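See structure below.
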Amino acid sequence: MSTPTERIVIHQTGGPEVLLCESSTLPDPGPDEIVVEHAAIGLNYIDVYFRTGLYPAPSGIPFTPGHEGAGKVVAIGAEVDTVAVGDRVAYVGPLGSYARHRIIKAAIAVKLPDAISDESGAAMMLKGMTARYLLRKSFPVSEGKIALFHAAAGGVGLIAGQWMKHLGVTAIGTAGSDEKCALAKQHGYTHCINYQTQNFAEEVAKLTDGGNCDVVYDSVGKSTFMGSLDCLKPFGTFVSFGNASGPVEAFDLGLLSQKGSLYITRPTLFAHIATRAMLEETAGDLIDVVTSGAVTIPVSQRFALKDAAEAHRALEARATTGATILLPNT
Ligand code: NDP
């Protein structure tokens, strides 16, 4: 029995206008698969990279974008025993979440506790598990450490700020307006620098009495790379995890010795949740900090699924804060 549904399809990469809403039918799930009826779908900056073609879709064109969603399980394959029809789940997975329904492997579904809404589930899995691996794996921060986190008022940024506060870290954020800085400070950042009007490296030096940071978490990329290296202590770690302003350009490795024997890593969430055990550890930690109230999931923008293009325009125009979700039922 195939299910009629709708999804966003990209037939050619390009601007937001390439996001087209189409009707389709969903086949039955395979033996280890489930069908999720989305209540909400998470929008992430990585969706922009796939839409523009910066990251090529592994299955080629056409493709349905999106890696994250939450909703109800409405069908399961013959071998699935980890979730049941009617369970509420959230997931991060391969491309294809911009859809009313989708099929995923049961192994990537995480059951949502009653305390976490579908909207929070859709907004937190990719961004929150990213914050978790950045702060616990890429460079594990703890009380007394000083961290610089760029784009602090964004989806990952607002979660990371609260989590760093919970861990006792001095968190310095950067953001593109004074309003965004105020929001970041309400979400755990000790300080926030408006990097549109101030030289963030000079401000970091002032805030740390010249001592600088143990770690810089940088998802902005091209425009912040060089300044970020200047914000690090000797032996500090630069974690590059995104390219919102464009990819970091090729550079001379010798810079790392000149600036104090620095470390650089370029991680991705998918490597950190590659096995079920890794997913359970990462998602479990996230669910714990959210259910305890230490971290809230700010959903600041909601768009109808069919208006995905409008959502992309807002994200790229730096007009969003916190998380943005797409809703199939509006
Ligand atoms: P955000 O909500 O943080 O949106 C991106 C933000 O980047 C903007 O709001 C803007 O904030 C800032 N920015 C700086 N320069 C530019 C520019 N030239 N164009 C557009 N935005 C710019 O997005 P997400 O929370 O979804 O993701 C944050 C980052 O983390 C992204 O770069 C994403 O790719 C990366 N990421 C990486 C993962 C990984 O595993 N490697 C996983 C998840 C996310 P402001 O105006 O304050 O500067």
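What you see is a predicted model, and the numbers here were worked out from it, not measured in a lab. Both counts, for ligands and for their atoms, begin at 1 and track the order of listing.
In this structure, the separation between CD on E68 and CG on D47 is 8.5 Å, given to the nearest 0.5 Å. Atom CE of residue M226 and atom CZ of residue F251 lie 7.0 Å apart, to the nearest 0.5 angstrom. The line from CZ of R100 to CZ of R7 is 14.0 Å long, rounded to the nearest 0.5 Å. Taking OG1 from T130 and CG from L269, the interatomic distance works out to 4.0 Å, rounded to the nearest 0.5 Å. Remark: F149 CZ to W163 CH2 distance equals 11.5 Å, nearest 0.5 Å.
Of the candidates G155, G176, C181, G176 brings a heavy atom nearest to atom 47 (O) of ligand 1. Atom 12 (C) of ligand 1 has its nearest heavy-atom neighbour, among Y45, Y195, Y55, in Y195. Closest heavy-atom approach to atom 29 (C) of ligand 1 among the candidates A123, G173, A160, S219: S219.
Of the protein's non-hydrogen atoms, the one nearest atom 46 (O) of ligand 1 is K180 NZ, 2.6 Å. Here the protein heavy atom with the shortest distance to atom 6 (C) of ligand 1 is A151 CB, 4.0 Å. Looking only at heavy atoms of the protein, atom 14 (C) of ligand 1 is closest to R318 NH2, 3.4 Å. Scanning all protein heavy atoms for the shortest distance to atom 19 (N) of ligand 1 gives A244 O, 3.3 Å. Nearest protein neighbour of atom 42 (C) of ligand 1, counting heavy atoms only, is T130 OG1, 3.1 Å. Among protein heavy atoms, atom 3 (O) of ligand 1 sits closest to G154 CA, 3.4 Å. The protein heavy atom nearest to atom 30 (O) of ligand 1 is F241 CE1, 3.3 Å.
In the model, Q196 has no side-chain atom that pairs as donor or acceptor with a side-chain atom of S177 under 3.5 Å. Remark: the H312 side chain and the R51 side chain contain an N/O donor-acceptor pair separated by less than 3.5 Å. A donor and an acceptor atom, one from each side chain of S219 and H150, are nowhere located under 3.5 Å apart. In summary, the side chains of H11 and E22 do present a donor paired with an acceptor at a separation below 3.5 Å, with no hydrogens or angles considered.
Within the listing of ligand 1, atoms 42 (C), 43 (C) sit less than 4.0 angstrom from a heavy atom of L126. Shown in contact with V220 at under 4.0 Å from a heavy atom are these atoms of ligand 1, numbered in order with element: 14 (C), 15 (N). Under a 4.0 Å criterion applied to the non-hydrogen atoms of R266, ligand 1 contributes the atoms 41 (N). Every atom of ligand 1 with a heavy atom of G242 under 4.0 Å away is listed here by number and element: 32 (O).
Aromatic rings from Y217 and F139 are positioned such that their centres are separated by 6.0 Å or more. No close placement of the H67 and Y91 rings is indicated, their centers lying 6.0 Å or farther apart.
Between Y133 and ligand 1 there is a heavy-atom distance shorter than 4.0 Å. At a 4.0 Å cut-off, not a single heavy atom of H272 sits close enough to ligand 1 to count as contact.
For ligand 1, the polar-atom distance check finds an N/O of P267 within less than 3.5 Å of one of the ligand's N/O atoms. At least one N or O atom of L269 sits closer than 3.5 Å to an N or O atom of ligand 1. No N or O atom of A175 sits closer than 3.5 Å to an N or O atom of ligand 1.
At a 4.0 Å heavy-atom cut-off, ligand 1 touches Y49 through the side chain alone. Of all the heavy atoms of V156, the ones lying under 4.0 Å from any atom of ligand 1 are found in both the backbone and the side chain. Contact annotation for N243 and ligand 1: only backbone heavy atoms (N, CA, C, O) come within less than 4.0 Å of the ligand. Of all the heavy atoms of E316, the ones lying under 4.0 Å from any atom of ligand 1 belong exclusively to the backbone.
Residue E17 places its CD atom among more than 12 non-hydrogen atoms of other residues, nucleotides or ligands, all under 6.0 Å distant.
Tested against D218 for a side chain to side chain donor-acceptor pair (under 3.5 Å), the candidates T224, N243, T174 yield a single pass: T224.
Residues V215 and V141 form a side-chain contact, since some pair of their non-hydrogen atoms from C-beta on lies under 4.5 Å apart.
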